[in-house]
**Student:** 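Quick one: the structure is below, and I'll ask about it shortly.
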Amino acid sequence: MTGRPAGRTAKIAVIAGDGIGPEVIEAAIPILDRAAAKHGFGLQWERLPYSADHYLRTKETLPDAAFHHLRDDVDAIFLGALGDPRLPGNEHARDILLGLRFKLDLYVNFRPVELLHPDLTPLRNPGTIDCVIFRENTEGQYLGRGRSSGDEHVAEEVNTGKGVERIVRAAFEWAKAHGKTRVTMSDKSNAIPTHRIWQETLQRIAREYPTITAEHRYVDALAMELVREPARFQVIVTNNLYGDILSDLGAGLVGGLGVAASANLHPGRRGGLFEPVHGSAPTIAGKGVANPAAAVLTGALMVEQLGHPDAARDLERAVREALTIGARTPDLGGKSTTREVASAIAARV
Ligand code: NAD
Ligand code: IPM
Ligand code: MN
């Protein structure tokens, strides 16, 4: 992705959200500050209240003025998680999380799947798991189009030529820039006729990248193969819904949601929305045991996008080292608290 010039103070809006969101975000912020100080830049945090609590109290999800502020005045948005058992329809998340993805046209949901320590995987001999999922982030079934009448509930899936082309191209561009040799596109064109657009687009775009092998997998087969042989995948590009599902599957291969980061981007534009892959984990919220690693790794993606790749590498290394010395929350089989893991990471930045 195109970074911004280094060397200034970046303004970051924080939407910590619900459940474990505030716990992991507040654990990550001092670590990111430490990396910034070490690498000679500043991060200025602005905490915004938008969450389930705020919505239940005020009936406000994300007001227009806040949206304009997020669009025009900040360098990036750092988001914890949105989701609350009191709001089973998730209407606040639709406006805040999905709303920001759509309205800021953040069409790339970039989700790395990387094994940071060999004993985090449930697989016996996985090899090097190091791939990235390019999840289309502005179309698909997520637009919520459709209708309900009588006994029929129709969910429409939108795949535009422009939308498919730009996510496929983003995957190839990233592969080329990072010396990758294979891009795997995944759809379900054997059952869903409109998925032909994904096949046609892959073939057309792939011709522009002769050094990269373009391949296709139906999403069911890809789910199987990812478990059997994850090391063969480098870059996966797919639609919004399949990308959502495959990114949790990918997280499961490398330690779970406690270590899975993501960045919502519009390549070539400043800013973006940075959030762990995980949700608000209501059953462990407030217990001080949420894994902050995903939020820290998400922060690494954010500082990289802000033009500080050295700080990003440093943060990733610090997380790896903390995992290696056994600073692990219960989701990774450890006994450490959120705060203890955060301190172990901070000490290694
Ligand atoms: P979840 O990601 O919240 O939790 C799934 C499982 O992973 C749970 O066992 C949870 O305890 C565990 N887990 C997740 N993150 C963890 C962490 N950092 N440390 C330790 N364990 C962790 O998914 P869910 O249970 O399906 O959803 C809960 C709520 O979160 C729902 O309202 C859902 O809509 C929402 N959600 C929000 C986001 C987001 O805001 N980006 C993402 C996914 C789910
Ligand atoms: C994610 C989440 C969201 C999604 C939900 C909360 C709407 O699962 O960011 O992966 O499906 O995109
Ligand atoms: Mn998800």
Side-chain angles (χ1 to χ4, degrees), residues 14-28 50-53 55 61-62 77-102 106-111 113 120 133 135-144 155 238-252 254-264 273-299 319 323 327-342 345:
V14 178
I15 301 177
D18 308 327
I20 64 167
E23 299 172 43
V24 297
I25 290 294
E26 293 303 335
Y50 307 110
S51 62
D53 277 341
Y55 173 62
T61 53
L62 183 69
I77 306 165
F78 193 38
L79 187 144
L82 293 160
D84 187 297
R86 294 169 295 174
L87 295 168
N90 219 16
E91 49 271 39
H92 67 312
R94 167 152 284 279
D95 281 3
I96 302 169
L97 177 64
L98 301 182
L100 285 168
R101 289 176 184 167
F102 296 158
L106 302 171
Y107 66 90
V108 173
N109 196 326
F110 178 85
R111 297 189 151 183
V113 176
L120 291 179
I133 297 172
R135 166 185 177 188
E136 203 293 320
N137 216 23
T138 55
E139 299 192 339
Q141 294 194 37
Y142 275 67
L143 292 181
T238 190
N239 70 26
N240 208 337
L241 181 60
Y242 302 162
D244 178 48
I245 297 166
L246 293 174
S247 55
D248 273 33
L249 190 157
V254 296
L257 289 165
V259 294
S262 87
N264 302 265
L273 167 65
F274 299 83
E275 36 142 5
V277 175
H278 66 69
S280 56
T283 58
I284 60 163
K287 298 188 171 148
V289 295
N291 191 343
V296 175
L297 294 167
T298 296
V319 171
L323 289 166
R328 298 182 181 195
T329 42
D331 55 304
L332 300 182
K335 289 193 162 56
S336 305
T337 62
T338 306
R339 200 172 294 189
E340 286 162 352
V341 172
I345 298 170

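Read the numbers this way: they start at 1 and go in the same order the structure lists the ligands and their atoms.
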**Student:** Just to confirm my output: which protein heavy-atom neighbour is closest to atom 10 (O) of ligand 2, and how far is it?
**Tutor:**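 Of every protein heavy atom, Asp244 OD1, 2.8 Å lies nearest to atom 10 (O) of ligand 2.
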**Student:** Counting non-hydrogen protein atoms only, what is the nearest one to atom 14 (C) of ligand 1? Give residue, atom name and distance.
**Tutor:**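 Ranked first by proximity to atom 14 (C) of ligand 1 is His278 CB, 3.6 Å.
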**Student:** Which pair of heavy atoms, one from Ala261 and one from Val277, lies closest together, and at what distance?
**Tutor:**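 Scanning both residues, the minimum pair turns out to be O-CG2, 3.6 Å.
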**Student:** Looking only at protein heavy atoms, which one is nearest to atom 16 (C) of ligand 1, and how far off is it?
**Tutor:**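 Its nearest protein heavy-atom neighbour is Ile20 CD1, 3.8 Å.
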**Student:** Nearest non-hydrogen atom to atom 21 (N) of ligand 1 belongs to which of Ile96, Val289, Ile284?
**Tutor:**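 Result: the heavy atom closest to atom 21 (N) of ligand 1 is in Ile284.
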**Student:** Among all protein heavy atoms, pick out the one at the shortest distance from atom 34 (O) of ligand 1; state its residue, atom name and that distance to 0.1 Å.
**Tutor:**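 It is Asn90 ND2, 3.4 Å.
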**Student:** Does the side chain of Leu100 reach to within under 4.5 Å of the side chain of Ile15, using non-hydrogen atoms?
**Tutor:**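 Side-chain contact under 4.5 Å: yes.
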**Student:** Of all heavy-atom pairs between Asp18 and Ser280, which one has the smallest distance, and what is that distance?
**Tutor:**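 Answer, listing the atom of Asp18 first, then Ser280: O-CB, 3.5 Å.
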**Student:** Side chains of Glu136 and Thr138: do they bring a donor and an acceptor to under 3.5 Å?
**Tutor:**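 On atom types as modelled, these side chains qualify, holding a pair under 3.5 Å.
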**Student:** Using a 4.0 Å cut-off to any heavy atom of Arg135, which atoms of ligand 2 qualify?
**Tutor:**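 Matching atoms, with element in brackets: 1 (C), 4 (C), 10 (O), 11 (O), 12 (O).
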**Student:** In Asp244, which N, O or S atom comes closest to the Mn ion (ligand 3)?
**Tutor:**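 Minimum-distance N/O/S atom of Asp244 relative to the Mn ion (ligand 3) is OD1.
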**Student:** Could you name the option among Ala93, Ala281, Pro85 that has the heavy atom nearest to atom 3 (O) of ligand 1?
**Tutor:**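 Selected option, by shortest heavy-atom distance: Ala281.
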**Student:** I'd like the name of whichever of His278, Arg101, Gln141, Glu275 reaches closest to atom 12 (O) of ligand 2 through any heavy atom.
**Tutor:**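 Closest candidate by heavy-atom distance is Arg101.
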**Student:** Note the single closest protein heavy atom to atom 33 (C) of ligand 1, along with its residue, its atom name and the distance in Å.
**Tutor:**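 Among all protein heavy atoms, the one nearest atom 33 (C) of ligand 1 is Leu82 O, 4.3 Å.
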**Student:** Which pair of non-hydrogen atoms, one from Arg111 and one from Ser247, has the smallest distance, and what is that distance?
**Tutor:**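 Result for this residue pair: NH1-OG, 2.9 Å.
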**Student:** Report, in ascending order of atom number, the atoms of ligand 2 lying under 4.0 Å from any heavy atom of Arg111.
**Tutor:**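 Reading through ligand 2 atom by atom, the close ones are 1 (C), 9 (O), 10 (O).
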**Student:** Short check: is a protein heavy atom less than 4.0 Å from atom 25 (O) of ligand 1?
**Tutor:**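 When distances to the protein are checked, atom 25 (O) of ligand 1 has no heavy atom within 4.0 Å.
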**Student:** If the cut-off is 4.0 Å to any non-hydrogen atom of Ala81, which atoms of ligand 1 fall inside it?
**Tutor:**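 Matching atoms, with element in brackets: 40 (O).
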**Student:** Specify the protein heavy atom at minimum distance from atom 7 (C) of ligand 2: its residue, its atom name, and the distance to 0.1 Å.
**Tutor:**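 Answer, as residue, atom name and distance: Leu98 CD2, 4.1 Å.
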**Student:** Find all atoms of ligand 1 within a distance of less than 4.0 Å from any non-hydrogen atom belonging to Pro282, and give their numbers and elements.
**Tutor:**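 Taking each heavy atom of Pro282 in turn, ligand 1 has 28 (C) under 4.0 Å.
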**Student:** At their closest point, which heavy atom of Pro292 faces which heavy atom of Val24, and how far apart are they?
**Tutor:**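 That closest heavy-atom pairing would be CA-CG1, 4.0 Å.
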**Student:** Can you tell me which residue and heavy atom of the protein come closest to atom 32 (O) of ligand 1, and the distance to 0.1 Å?
**Tutor:**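 Sorting protein heavy atoms by distance from atom 32 (O) of ligand 1 puts Gly83 CA, 3.1 Å first.
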**Student:** Taking distance alone, with no angle check, do Asn90 and ligand 2 share an N/O pair under 3.5 Å?
**Tutor:**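 The answer is no, given that Asn90 and ligand 2 share no N or O pair closer than 3.5 Å.
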**Student:** Considering only protein heavy atoms, which is closest to atom 11 (O) of ligand 2, and at what distance to one decimal place?
**Tutor:**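 Answer for atom 11 (O) of ligand 2: Tyr142 OH, 2.6 Å.
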**Student:** Look at atom 17 (C) of ligand 1 and find which of Leu257, Leu332, Asn291 reaches it with the closest heavy atom.
**Tutor:**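 The residue whose heavy atom sits nearest atom 17 (C) of ligand 1 is Asn291.
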**Student:** Output yes if Asp248 passes the N/O/S-under-2.8 Å test against the Mn ion (ligand 3); output no otherwise.
**Tutor:**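 Given the 2.8 Å cut-off, Asp248 does not count as a ligand of the Mn ion (ligand 3).
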**Student:** Testing the basics here: between Leu257 and Ala294, what is the closest heavy-atom pair and its distance to 0.1 Å?
**Tutor:**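 Looking at all heavy atoms of both residues, the shortest contact is O-CB, 3.6 Å.
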**Student:** For Ala52 and Arg86, which heavy atoms make the closest approach, and how far apart are they?
**Tutor:**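 Answer, listing the atom of Ala52 first, then Arg86: CB-NH2, 4.4 Å.
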**Student:** Nearest protein heavy atom to atom 5 (C) of ligand 2, by residue and atom, and its distance?
**Tutor:**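 Residue, atom and distance for the closest contact: Leu97 CD2, 4.4 Å.
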**Student:** Taking 4.0 angstrom as the limit and counting only heavy atoms of Val277, give me the atoms of ligand 1 inside it, by number and element.
**Tutor:**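 Every atom of ligand 1 under 4.0 Å from some heavy atom of Val277: 42 (C), 43 (C).
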**Student:** Any nitrogen or oxygen of Glu275, main chain or side chain, under 3.5 Å from a nitrogen or oxygen of ligand 1?
**Tutor:**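 N/O-N/O distance below 3.5 Å exists for this pair.
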**Student:** What atoms in ligand 1 come closer than 4.0 Å to a heavy atom of Leu97?
**Tutor:**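 With Leu97 as reference, the close atoms of ligand 1 come out as 39 (C), 40 (O), 41 (N).
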**Student:** Need the ligand 1 atom indices (1-based, order shown) with element for anything under 4.0 Å from a heavy-atom of Ala290.
**Tutor:**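 Checking each atom against Ala290, I get 19 (N).
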**Student:** Between Ala294, Ala295, Gly279, which one has a non-hydrogen atom sitting closest to atom 2 (O) of ligand 1?
**Tutor:**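 Nearest option to atom 2 (O) of ligand 1, by heavy atoms: Gly279.
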**Student:** Which one of Ser247, Ala293, Ser280 has a non-hydrogen atom at the shortest distance from atom 30 (O) of ligand 1?
**Tutor:**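 Minimum heavy-atom distance to atom 30 (O) of ligand 1 goes to Ser280.
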**Student:** With side-chain hydrogen bond (donor to acceptor under 3.5 Å, both in side chains) as the test, pick out the partner of Tyr142 among Asn240, Asp244, Asn137.
**Tutor:**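 Per the side-chain hydrogen bond (donor to acceptor under 3.5 Å, both in side chains) rule, the option paired with Tyr142 is Asp244, out of Asn240, Asp244, Asn137.
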